Amino acid sequence: MNKTEIEDDLRPEYDLKSLQVRKTGAGRKGFGDMVRLEPDVITAFPDAKSVNAALRSLIDIAKRSTNLNLKNNPPLL
């Protein structure tokens, strides 16, 4: 084996020749927006659109609930 040959356990279907690594620039910052979901959540929300819709609904409910609580129970000072 010469210096350019490397032994690895990668499957042959993985083509790393086309892999591009973003070392610098604005594109690198957007790469970390990923959130890992548990399997039971994935079955309920199969794509990003459905996850975002559910979270926006929850945010709206929380805001309305907070507003209702503040109207009925003013803060004590």
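Being a predicted model, the structure only gives us computed values, none of them experimental.
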How would you list all residue pairs meeting side-chain hydrogen bond (donor to acceptor under 3.5 Å, both in side chains) that involve residues 35-44, not counting sequence neighbours?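 Residue pairs passing side-chain hydrogen bond (donor to acceptor under 3.5 Å, both in side chains), neighbours aside: none found.
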Suppose the criterion is side-chain hydrogen bond (donor to acceptor under 3.5 Å, both in side chains): which pairs have a residue in residues 45-56, not counting sequence neighbours?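 Residue pairs with at least one partner in residues 45-56: Asp47-Ser50.
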All side-chain contact (heavy atoms from CB on, under 4.5 Å) counterparts of Leu55, not counting sequence neighbours: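 Partners of Leu55 under the side-chain contact (heavy atoms from CB on, under 4.5 Å) test: Val51.
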Would you say the side-chain atoms of Ser65 pair up with the backbone N or O of Ile61, donor to acceptor, closer than 3.5 Å?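 Between the backbone of Ile61 and the side chain of Ser65 there is no qualifying donor-acceptor contact (under 3.5 Å).
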